[in-house]
There are 2 protein chains.
Amino acid sequence: MKRPTLEAVAARAGVSRATVSRVVNGSATVNPRIRTAVLRAVEELGYIPNSAARSLVTQRTGSIGLVVSEPPARVFSDDPFFLSVVRAVSQELEAADKQVVLMMPSTPAGQARVERYVAGRHVDGVILLSQHGADPLPAALLRTGVPVVSHGRPVSTARPPYCDADNVGGARAAVEHLLATGRRRIAAITGPPDMSAGLDRLAGYREVLSGTDRRSLAALGDFTRESGAAAMAQLLEDDPGLDAVFAANDLMAAGALHALRKAGRRVPDDVAVVGFDDIDAARYTDPPLTTVRQPVVEVARAAVRMLLAGGERPAEPVVLPTELIVRDST
Amino acid sequence: MKRPTLEAVAARAGVSRATVSRVVNGSATVNPRIRTAVLRAVEELGYIPNSAARSLVTQRTGSIGLVVSEPPARVFSDDPFFLSVVRAVSQELEAADKQVVLMMPSTPAGQARVERYVAGRHVDGVILLSQHGADPLPAALLRTGVPVVSHGRPVSTARPPYCDADNVGGARAAVEHLLATGRRRIAAITGPPDMSAGLDRLAGYREVLSGTDRRSLAALGDFTRESGAAAMAQLLEDDPGLDAVFAANDLMAAGALHALRKAGRRVPDDVAVVGFDDIDAARYTDPPLTTVRQPVVEVARAAVRMLLAGGERPAEPVVLPTELIVRDST
DNA sequence: CTGAAAGCGCTTACAG
DNA sequence: CTGAAAGCGCTTACAG
């Protein structure tokens, strides 16, 4: 059972292919009577345009690539925040009548495939997610000439336009809150040093402390729960007198909570903990986590808009405000 | 700057388009000298085949659709298990040299778009994720004639071939473990009644209890943490004497843990808790959660294989074994 | 082993 | 407002 073509519809409706095409594509300049006849033929035959043929002539596909370039062993296997972002972007793209092609290359070969895919114009544009500094893919994609927008400030040498949450400001609010509630020794658990979200949050933390007489004290994490627990243990060893910790994301904050409990410290009595992201789980840690909420949907929407706007001129970055959510861990 | 076409490469290499096409597609029957010349021309021009043109003639796209049909308000915004599945499927598809088109329609209009997209042969096949009983999309996709495979036993009237973990067996193992460790009043927190994973796990729970003199006692959840907490509270009210609970997924088990703590019950001393999925967070609950691990990667691989095998004959379902992971909550 | 030619299914100036 | 025709960039029998 072959699929009906424009040709078949035209024959059935007794008009030319051009007319059918016009009706199908909603051109205004078609006689209402003819339009009705064509629509009926389309209906009767169950006609659906062949997208390859259409793309071939229009040079557009209606698809947008969502590229997540993540080392396989890494991070996101369990980060709900990442999923929220994918959902939000997907939702916005759907609203704009675009399809989402999800690409999560985990090997150099996979990256090469993504590059070919994009260069082959399988997609009309690309949104980059969770970039790492050393990743060569963003630059490669930029070179294809396909519009590229980054979700999150890029750290690589490639400099696509981007949208992001105000990571610096959010971190600043978190640390200021800690200070305001009387904490004296505030440590930080950082994200991976090649990701802007981690970098920017650390910068916010440092900014606030540098304005006081407090020393900053940071331990390295990689956004996983495990690394948060390990970093917390390390911090307790480095400075047993600390009374607060700012973790660069909620997953690490959850790990820190775990480590504190194991070390016999009470939260918030002995040590206050603040996270970042406000994932659902933040309301379910023990105690519920004070954290910084990001405008996930708004950032996603901004990125989609920026991309669809063409990305031709070097668009100004869009940076959206965050919000401190105070719960029981501080 | 227009992209070079086959034509341009042919001109540059001094051969016909047909020959270039053969070289590009790796046909064996090409004179090595000519092949080299063509390859050089491809290289020099930076030629990349236009995928729309290729699809138009080959009738294939190299893309597979991953369809997640989930009411917007629902569940998965925070379920790490879902993300694991997406990653695993994506990984397997990548290994098979296919691209992943992620479709998460959240409105009827979105569903209609997905249907058109698939019917328009934008993809060579579809993998269905997390189906709900009432969802009309699976049946619609099946009707398009495009190969469809379900990840997870389908519950709708549509009956695509499927791959799944052994949910019944896993639940059975969990409840038997509870029995073996001396628990007498074992309650259950169920998943949504229109999803097979929840249904099958409940069935496993009932099977085991029906072989004993114990009554079964279930409260309804929907796979979210919140619903797990609410269901637990309900169960404690219904039967204050319960000493164990089997939750149909880890997120609900985490919610139950929370509710138990709030009710002043100690885990596992007063009440034992078992979950299902073995998400990363299961090792970080307080106490760490006993749960049933699913072979995520293997199920994903099986689904991809089944799909690529063509799905022509009504393939036998593939159901893979689960494993009980005992931690401190039992 | 290679090339000329047909054809995949559409859109879009261009005439009328 | 409508149609005939060209053309999008490829692949693939079919000859040679």
Side-chain angles (χ1 to χ4, degrees), chain A residues 1-39 41-42 45-63 116-117 119-124 144-145, chain B residues 1-39 41-42 45-63 116-117 119-124 144-145:
Chain A
M1 42 145 229
K2 223 166 144 303
R3 297 168 57 206
T5 66
L6 249 203
E7 186 77 51
V9 177
R12 176 141 195 153
V15 298
S16 73
R17 273 149 57 212
T19 299
V20 176
S21 176
R22 290 191 189 99
V23 171
V24 169
N25 291 296
S27 162
T29 65
V30 175
N31 178 308
R33 220 191 317 281
I34 293 190
R35 140 170 283 121
T36 307
V38 170
L39 254 18
V42 165
L45 260 25
Y47 170 70
I48 294 179
N50 177 309
S51 20
R54 178 177 280 172
S55 291
L56 182 56
V57 25
T58 60
Q59 310 275 34
R60 330 205 71 249
T61 66
S63 298
R116 277 202 310 279
Y117 192 81
R121 292 300 192 280
H122 244 111
V123 292
D124 298 337
T144 64
Chain B
M1 45 148 226
K2 222 167 143 304
R3 297 169 57 205
T5 66
L6 248 203
E7 186 76 50
V9 176
R12 175 141 197 156
V15 298
S16 72
R17 272 150 57 211
T19 298
V20 176
S21 176
R22 289 188 191 104
V23 170
V24 169
N25 291 296
S27 162
T29 65
V30 175
N31 179 308
R33 217 186 324 275
I34 293 189
R35 140 170 284 120
T36 307
V38 170
L39 254 19
V42 165
L45 261 26
Y47 170 70
I48 294 179
N50 176 309
S51 20
R54 180 178 278 172
S55 291
L56 181 55
V57 26
T58 60
Q59 310 274 32
R60 331 204 70 248
T61 66
S63 298
R116 276 202 310 279
Y117 192 80
R121 293 300 192 279
H122 245 113
V123 292
D124 297 336
T144 63

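Here is how names work: the chains are called A, B, and so on, in the same order as the sequence lines, proteins then strands, and each is numbered from 1. Owing to the predicted nature of the structure, the values given are computational and were not obtained by experimental measurement.
- A pairwise comparison of heavy atoms in B:T5 and B:Y47 identifies C-CE1, 3.6 Å as the closest pair.
- For the pair B:R33 CZ and C:dC1 C1', the computed distance is 13 Å after rounding to whole Å.
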Filtered N/O pairs between nucleotides 12-16 of chain C and protein, under 3.5 Å:
| residue | atom | partner | partner atom | Å |
| --- | --- | --- | --- | --- |
| C:dA13 | N6 | A:R22 | NH2 | 3.2 |

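- When every heavy atom of A:I48 is checked against every heavy atom of B:R116, the shortest pair comes out as CG2-O, 4.0 Å.
- The backbone N or O of A:V15 lies less than 3.5 Å from no partner atom in the side chain of A:T19, so there is not a single donor-acceptor pair.
- Here C:dT2 presents its C1' atom at 14 Å from CZ of B:R35, a figure rounded to the nearest Å.
- Panel note: side chain A:S21, backbone A:R17; no donor-acceptor pair is recorded below 3.5 Å.
- Between A:L6 atom CG and C:dC10 atom C1' there is a gap of 6 Å when expressed in whole angstrom units.
- Atom-to-atom, CZ of B:R60 to C1' of D:dC10 comes out at 16 Å; the value is rounded to the nearest Å.
- We find that CZ of A:R54 is positioned 5 Å from P of C:dT11, with the value rounded to whole Å.
- If you take CD of B:E7 and C1' of D:dG7, they are 12 Å apart, rounded to a whole angstrom.
- With distances taken from any side-chain atom of B:Y47 to the nucleotides D:dC10, C:dC10, D:dT2, the minimum falls on D:dC10.
- Taking only side-chain nitrogens and oxygens, B:T5 never comes nearer than 4.0 Å to OP1 or OP2 of D:dG9.
- The interatomic distance linking B:L56 (CG) with C:dA6 (C1') rounds to 13 Å, in whole Å.
- The backbone N or O of B:A119 sits less than 3.5 Å from a side-chain atom of A:R3, completing a donor-acceptor pair.
- Counting to the nearest Å, the C1' atom of C:dG9 and the CG atom of A:L45 are 15 Å from each other.
- Nearest-nucleotide assignment on DNA chain C puts the 5′-proximal partner with B:G14, out of B:G14 and A:N50.
- Side-chain N/O atoms of B:Y117 and A:S63 include a donor and acceptor closer than 3.5 Å.
- Checked by atom type and distance alone, the side chain of A:S55 never pairs as donor or acceptor with a backbone atom of B:A52 at under 3.5 Å.
- Pair assignment for C:dA15: D:dT2, on the basis of Watson-Crick or G-U wobble contacts that are both within less than 3.5 Å.
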